[in-house]
Amino acid sequence: MKQTQLFQKTTKEVKQTDISRNAELLTKAGYVNQLMAGAYTYLPMGLSVLNKIEKIIKEEMNAIGAQEILMPALQPKEVWEKTGRYDTIDVLFKLKGAGERDFVLGATHEEVITPLAQTIINSYKDLPTAAYQIQTKFRNEARAKSGLLRGREFRMKDLYSFHTTQEDLDEYYEKVSEAYKRVYERCGLGHITKKTYASGGAFSKYSHEYQTITEYGEDIIYIIPGTDTAINKEIINDKEALKDIIPNYKDGMEKEFEQVKAIEVGNIFKLGTKFSQACELKYTDKDGSTKYPIMGCYGIGSSRLMGAIAECISDDKGLIWPKEIAPYQAHLISLVFDEEGMKICEEYYNKLKSNGIEVLFDDRTGIQAGEKLKDSDLIGIPNRFVISKKTIEQNKIEWTERLTGKTELIDFDKAISILKE
RNA sequence: CGGGGAGUAGCUCAGUCUGGUAGAGUACUAGUUUUGGGAACUAGGUGUCGCAGGUUCGAAUCCUGUCUCCCCGACCA
């Protein structure tokens, strides 16, 4: 893509009061644009990053046998009354449709998938099974904030699994847990994301959250020394839980744990039969008896994850996208402005493209070198290739790795091989 | 939902205290010169001063109401 044609621009300044790092960087780099508190437009490169994150999530979900579906975001009031959550979820968006009919915008989808599952699950032979979707969710947050970290409209992957026994759910739950770990690793957050024990709500003893450590997080977690797991503050005073979670627990030892702020980038719940009972989802077991499937649900906010990555993986110059989610692998920058030089840049650009490399070409003219280089740092594409008078004279290309800042003059063929790694 | 801050040019902001008819930087357009870390000069267009009402000869400025955004807290199936 040529930068002169991109439906996206960098900007030097953002409002002084907007202090979350992800909002500042993503807005400056032009990846997102705020429509209102908690609702953002994703511009081409922003959407590209989001899509790549969601692609990773899909791959990991597919790998554990979950199947992708898509459910409506617009839902009737009635399914929510069945589970009693029409009145208990205070962030539920409620609206009137034609004929004064009451609708809900989906904040989560147990109410939709559980009745749906009845059309598929009739026998123990239909179990276990699992389906997920990635979709725009709506929550009427009293205070949407922190850029992509807490939106009123946001993207989320939600997976639901159905089982005949608790053991089978437990086993699948562990599989999902491993898949989640891979997602965060592939997104570059593996080292600062902790599997965190949290209260299970009405459904089970504990749930697990995936918490990425950042000063801008809303949660406080306690890291269990020598592990990559943590405990959410909400259960840190529950002695029974601590005994359960920590091997060789000694009274008061949690006070020594490192305490950090973190943002929840995923959670996994065991639901038991709460929803299958409420929605009358039943199957016939081997012995002919009627039973309720045991359910699990598993969420990852993909847009929040993108915000967390921007928040955590960046430096004073701007964003630094991990390779797998970067909008482009190469940022080709022309620092020559005569016709002859531009021709050479065009050739490089076309060669990169014909080699199947995702390349953004800064073909803007009449702009100072400094501005182009600063923009490149801000945008955060992993590899920068500069073409200037100097590089043309030597028949080389200048490669800079965004993460390390390491710069080398290399042959063009080597650039191709670096990008194909 | 409680507390605090803010809404003025595409963007970032000054001007509001002390009322007098709209500003800067940046961006944009044309031209000339520049070109490896946010250039220089010349010329040019840019506004319901968030919205509604009130006071006044006159309101961006004072008063009342209201909406929105940001921050802290509460909340977070």
Side-chain angles (χ1 to χ4, degrees), chain A residues 9-20 23-24 27-28 30 33-40 75 80 83-93 104-112 137-147 149-152 154 156 158 160 198-204 207 209 216-220 232-234 263-264 267 269 271 274-275 278 297-299 301 304 316-318 333-338 341-342 362 364-379 384-393 397-398 400 405 407 409:
Chain A
K9 268 189 179 173
T10 58
T11 173
K12 259 188 239 183
E13 293 167 309
V14 290
K15 280 207 167 33
Q16 281 174 358
T17 50
D18 244 320
I19 63 168
S20 84
E24 183 189 339
T27 305
K28 272 189 184 167
N33 176 268
Q34 186 188 50
L35 177 63
M36 61 176 186
Y40 283 82
Q75 304 163 8
W80 286 86
T83 58
R85 295 208 293 183
Y86 188 76
D87 297 312
T88 57
I89 298 185
D90 57 356
V91 295
L92 207 56
F93 267 110
V104 164
L105 290 179
T108 176
H109 277 68
E110 283 86 357
E111 275 76 359
V112 177
K137 295 279 192 281
F138 298 89
R139 292 184 194 180
N140 195 7
E141 294 283 352
R143 186 180 159 216
K145 58 169 193 162
S146 309
L149 298 186
R150 194 204 276 222
R152 293 188 172 120
F154 58 96
M156 181 169 133
D158 44 327
Y160 306 89
S199 62
F203 314 126
S204 65
S207 67
E209 299 167 341
Y216 228 74
E218 300 182 342
D219 289 340
I220 292 172
N232 194 303
K233 188 182 182 182
E234 64 195 22
I263 178 80
E264 182 185 329
N267 63 15
F269 271 92
L271 296 177
K274 178 187 162 89
F275 289 97
C297 78
Y298 320 84
R304 174 183 278 188
D316 56 349
K317 293 176 184 166
I333 295 172
S334 152
L335 292 190
V336 289
F337 303 100
D338 56 305
M342 278 307 282
D362 190 347
R364 294 176 296 173
T365 53
I367 287 182
Q368 298 284 297
E371 186 171 350
K372 288 192 166 193
L373 297 173
K374 290 238 183 199
D375 271 353
S376 181
D377 289 338
L378 176 62
I379 286 169
R384 184 179 86 191
F385 296 97
V386 171
I387 297 165
S388 67
K389 219 183 249 174
K390 184 177 80 183
T391 67
I392 290 172
E393 275 166 10
I397 189 166
E398 182 190 275
T400 303
T407 295
L409 268 183

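The analysis underlying the following values was restricted to heavy atoms, covering all of them including side chains, and did not include hydrogens, waters or symmetry mates. Sequence lines set the chain letters: A, B, ... in the order given, protein chains first and strands last, and positions in each chain run from 1.
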What does [N] pair with, Watson-Crick or G-U, if both distances are under 3.5 Å?
N	value
B:rA6	B:rU68
B:rA77	none
B:rU55	none
B:rU61	none
B:rG44	B:rC28
B:rC17	none

Partner residues of [X] under the salt bridge (charged side-chain N to carboxylate O under 4.0 Å, His left out) criterion, sequence neighbours left out:
X	answer
A:R384	A:D377
A:R152	none
A:D362	A:R364, A:K372

Protein-nucleotide distance ([X], atom [atom1]; [N], atom [atom2]), rounded to Å:
X	N	atom1	atom2	value
A:E234	B:rC75	CD	P	11 Å
A:E13	B:rA27	CD	C1'	10 Å
A:E264	B:rC75	CD	P	15 Å
A:D375	B:rA27	CG	C1'	13 Å
A:Y298	B:rA77	OH	P	18 Å
A:K389	B:rU35	NZ	P	7 Å
A:I333	B:rU35	CD1	C1'	14 Å
A:I220	B:rC75	CD1	P	13 Å

With [X], which residues qualify under side-chain hydrogen bond (donor to acceptor under 3.5 Å, both in side chains), at least two apart?
X	value
A:S376	A:H331
A:E234	A:S199
A:R143	none
A:E398	none

Whole-angstrom distance between [N] and [M], as gauged at atom [atom1]:
N	M	atom1	result
B:rG47	B:rA9	P	10 Å
B:rU66	B:rC72	P	26 Å
B:rA39	B:rC76	C1'	50 Å
B:rC17	B:rA60	C1'	14 Å
B:rG7	B:rA14	C1'	14 Å
B:rG15	B:rA6	C1'	15 Å
B:rC71	B:rU29	C1'	39 Å
B:rG50	B:rU42	C1'	37 Å

Both A:V14 and A:K390 contact RNA chain B. Taking the nearest nucleotide for each, which residue is further toward the 5' end?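 Nearest-nucleotide comparison on RNA chain B picks A:V14.
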So which one's nearest nucleotide on RNA chain B is more toward 5', A:K372 or A:D219?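 Nearest nucleotide further toward 5': that of A:K372.
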Could you check whether the side chain of A:R384 and the base of B:rG37 have a donor-acceptor pair of N or O atoms closer than 3.5 Å, going by distance alone? yes
With a 4.0 Å cut-off on heavy atoms, is [X] in touch with a base, just the backbone sugar-phosphate, or nothing at all?
X	value
A:S376	nothing
A:L92	nothing
A:D90	sugar-phosphate

Would you say that A:T88 contacts A:W80 through its side chain, given a criterion of any heavy-atom pair below 4.5 Å between the two side chains?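 No; the side chains remain at least 4.5 Å from each other.
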Side chains of A:R139 and A:R150 in contact at under 4.5 Å (non-hydrogen atoms): no
Minimal non-hydrogen separation, A:I392 against A:G341, with atom names: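 Closest pair (atom of A:I392, atom of A:G341, distance): CD1-CA, 4.3 Å.
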Grab the two heavy atoms, one from A:F337 and one from A:T365, that are nearest each other, plus how far apart they are.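 For A:F337 and A:T365, the tightest heavy-atom pair comes out as CD2-CA, 4.0 Å.
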Ion pair check, A:E110 and A:K274, cut-off under 4.0 Å: no
Identify each atom pair where a protein N or O and an N or O of nucleotides 31-34 of chain B are less than 3.5 Å apart, giving names and distance.
{"from": "B:rU34", "atom 1": "O2", "to": "A:Q368", "atom 2": "NE2", "distance (Å)": "3.2"}

Pairs under 3.5 angstrom, nitrogen or oxygen only, protein versus nucleotides 69-74 of chain B, please.
{"from": "B:rC69", "atom 1": "OP1", "to": "A:A37", "atom 2": "N", "distance (Å)": "3.1"}
{"from": "B:rC70", "atom 1": "OP1", "to": "A:Q34", "atom 2": "NE2", "distance (Å)": "2.7"}
{"from": "B:rC70", "atom 1": "O2'", "to": "A:T17", "atom 2": "O", "distance (Å)": "2.4"}
{"from": "B:rC72", "atom 1": "OP2", "to": "A:R143", "atom 2": "NH2", "distance (Å)": "2.6"}
{"from": "B:rG73", "atom 1": "N7", "to": "A:R143", "atom 2": "NH1", "distance (Å)": "3.4"}

